[in-house]
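Just below is one structure, and these are the notes that go with it.
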Amino acid sequence: MDPAGASVANVIGGSEGEKFAKGNIYSVKLITGDEFRGIVMAYDPIPNFVGSKPRPGHSKNTRMVNVSFITGLSYLGKTEEPLLTDSCWVNLDGLRAKEALAVRQAEADAERMGVGVTTEAQSIFDALSKTLPVQWENSDILVMKEVRVRSPYLSDCVFGGTDAANNRVKKVLELERRRLQLFGT
Amino acid sequence: MSLLAPDLYSILRDPSFLRVIGVDVVIQMVDLGFEAGMNMQPGLPSKASTNGSPYIRGGEREGVLNKAKSIKSHPANAASNGEAGSLKGDSRDGLVYLTTCKIGHLVEVHLKNGSVYSGIFHAADVEKDFGIILKMASLIKDGGLRGHKARSEFVRKPPSKTFIIPADELVQVIAKDLSISSDGMSNAVQSEKSGELLTDSSISKSFHTDQGRELKPWIPDGDVPQGLDNVFDDPWKRGRGWDQFKVNESLFGVKSTFDEEIYTTKLDRGIRTREMEERAQRIAREIEGENTRDLHVAEERGFQLNEKFDIDEESKYSAVLPADAFDDSGFDEEDDELLDTCNDETFGGSSTSTVQKPVSSSGKGYGELRDASQPSRNNTNVDQMCSISDDHAQHLPSEQRSKDFTAPGSSISESQMGERRNKNNPEFSHSNRSAEESVSGHGDSKEGAKLGGGGTSAWKTVAEKERQVSEVSGKPKSESFTGQSASRRSSESRPGPSTSSRPGLSPSSSIGSLSSSEKSTLNPNAKEFKLNPNAKSFKPTAAARPQSPMADASFYYPAAPAPVQQMPGMPLGYGIQPQYPGQQQMIYYPGHQHPQAFYPPNAQPQFPQQQQQMMMGRQPRPQMVYMPPPPYQPDNPYNQGRE
């Protein structure tokens, strides 16, 4: 846990209190190469994190940045202290609900992701799922619980199911492949 | 932070420990740590973190929230934490607040090695070093690998159910489109709505607007003209407080030519203004307070008129009249006006159409001619009638009406009249259908006598030919008769359907008008009556008895018995005979040769009526009407001889 391990350049002099004072506008450069500008909203030297929000007019991307990893910092100006006041309050129940919802959605999405499959396979899966009920079974795509599409997911890799279902899946697969080739996913 | 502390505390204490790929990470979930306080979960295998950074092995099971193994390092700060007076506390507050706002939000986490993970923000170690926990995190960009793998080869990995990132690897956490406002409610509410139930307003709402922000009164900068505060309060002050034209002129040099009096009535603001105002107010109040039975006025006044709640919007506001809206009682008045308005159009308009009715084929043409010969006389009747009706708008129709309904001795119903008209129509229909239809285009809604209109139009064309007709009456007669009979025969079928189709429809095109023909005998489509001084007066003969008035019109004209006898179709007329009485309304006019006296503007019925009248003028006539003519015995006079 040695923050010093990162290449840090604390370029700004002055006391800690002045640096990252609320309302300051900085242009920040990170060691990851990321650059952004933001207004300081909060800063805590102990964890050494600063929370900033970008200049108004841009989309609200709130960031929490580990100061230790800031490679470049330039002071741009100062505005009024942003929205934070002592009267802030957070609705925790709402947040919990939000999180639960998000997790549910993410899990549902995860179901759709194949494990250890190529991107191509995934895009085929996604395309098929638009019109057919599909699910992953290891690296096979199981359509309508009957028809199985094996790697490499070509038309001749379609097995199982009734003739009608099989043909339908083959057809859809063909079309989707063609479309993917055409549009490059 | 007081509100924040206890709950956030519990959240932050809710870690799930996971085996992160290759990394055993220890996160010490702590409370805010503002003050020492209670000890949370006894029996935890951990110890307080006061001494540094205790390490705990996390649970091995993926995706399992392992509360039991959670570390409660610091005693929780259950009490309100009002005095976090240090700067540290303040700044910490800010961070903690920000962090809390992120809970549940999809964030992007950049790591030191360049990897980028995306997941749902779950928790953060705010006390220590801000390590964070993500749920359902998945690798977006793998910084660990040199170069970039080909996309297709990039093998997906399932998202980690819980992903812990230590602070020293954490470069930044980006929460996109997260609205940070003083009101924490917005965060939760927004996401809730977006997830569960998408209302239109929430969909269209911009995520960047702060919901329910605190409103502050506007304070002018200072370069705002004074005296504007109460400009709109008192309308009378308009002239004195703020004059936009003066300001415009001074600012921009724009000269205005506005004069209020162009747009509105000049108010007489004299001495008695107040009196007048009060009077006006009083009158207004009276009017508004009046009882109203109108649904719409009542609604405007906020007044529920109808207790019946089965009146839906359609019946309230629709402009379409309901099917049963036809009101006989009010028909007279409407009819009169309608007549007057319709007369000119129909009569005037029909003339043009009739011009295109050339007498084409001989038989047909003659039929027309003959048909018209009588009708032409009636035509003049009609025309004159109409012109008269224009003058005496109210009288004639009412007269007509009374006649219609009080025809003595006749139990003729309107249907019969209509039938008659129907009958008339077919006669002409095949000969001048186009005229009829063009006439019907005049939109006769009340009058059923489109037939009459059609008839009259035909009549008008041949009115000019009337002379010729009369002149050639001799020869064409025979032909005409045959033609007539033929036409009659052909038309025989018509009466059938027409009679049967009553009361509602007729074979003619003017269905709508016919349906209302029961109600009125007036024919808005009838052509304007023009007196034809050359019209030969009708001289009925003994056997003159038209079964269909139109067809037989010509018969009566020459008033020769012979032709009449040559109407073998006569018996067929019996079926129609009953119609005749319907025409009896005219019978009270003394038999006269001049149609002028024939006031009723209805051309159609008038024609037969006139005949009727002619015949009825003498008592013996009626009987003759209803009696079938003697069978044709061309050599009748010789019969006796044989005898």
Side-chain angles (χ1 to χ4, degrees), chain A residues 1-3 5-6 17 22 30-34 41-51 53 59-66 68-69 82-103 105-107 109-110 113-120 122, chain B residues 3-4 7-8 11 53 87-88 91-95 97-106 110 112 114 120 122 126 128-130 135-136 151-159 166-168 170-185 187-189 191-192 195-196 208:
Chain A
M1 296 279 187
D2 182 9
K22 281 197 204 161
L30 300 174
I31 71 163
T32 59
D34 219 355
M41 297 186 78
Y43 170 65
D44 193 340
I46 297 294
N48 222 11
F49 264 80
V50 64
K53 85 171 187 128
S59 66
K60 288 185 169 193
N61 286 357
T62 313
R63 298 170 189 255
M64 278 188 15
V65 183
N66 188 344
S68 320
F69 295 116
L83 304 167
L84 289 186
T85 64
D86 284 334
S87 58
C88 280
W89 64 280
V90 185
N91 180 358
L92 286 180
D93 288 332
L95 286 178
R96 282 199 201 124
K98 173 181 169 186
E99 184 186 350
L101 179 68
V103 169
Q105 277 180 344
E107 282 171 2
D109 287 338
M113 301 286 191
V115 177
V117 295
T118 60
T119 341
E120 185 205 26
Q122 186 59 48
Chain B
L3 287 171
L4 191 48
D7 287 339
L8 179 56
I11 279 193
S53 50
L87 174 65
K88 179 166 69 165
S91 54
R92 170 81 45 85
D93 282 355
L95 269 186
Y97 173 74
L98 281 183
T99 308
T100 318
C101 285
K102 290 208 180 95
I103 290 181
H105 205 82
L106 188 72
H110 296 243
K112 191 166 74 171
I120 300 168
H122 175 67
V126 287
K128 258 318 223 127
D129 52 4
F130 261 88
K135 280 214 170 153
M136 308 303 288
R151 231 177 148 226
S152 58
E153 295 172 33
F154 181 67
V155 178
R156 278 183 189 263
K157 290 190 221 162
D168 55 352
L170 178 62
V171 173
Q172 64 168 341
V173 178
I174 306 178
K176 291 208 164 75
D177 294 329
L178 186 67
S179 87
I180 312 260
S181 61
S182 311
D183 185 359
M185 173 70 80
N187 299 335
V189 167
S191 52
E192 237 174 63
E196 308 285 352
H208 302 305

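All values reported here derive from a predicted model rather than from experimental measurement.
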Heavy-atom closest pair, residues [X] and [Y]:
X      : Y      : result
A:L95  : B:T100 : CD1-O, 3.2 Å
B:G104 : A:A102 : O-CB, 3.6 Å
B:I120 : A:A106 : CD1-CB, 3.9 Å

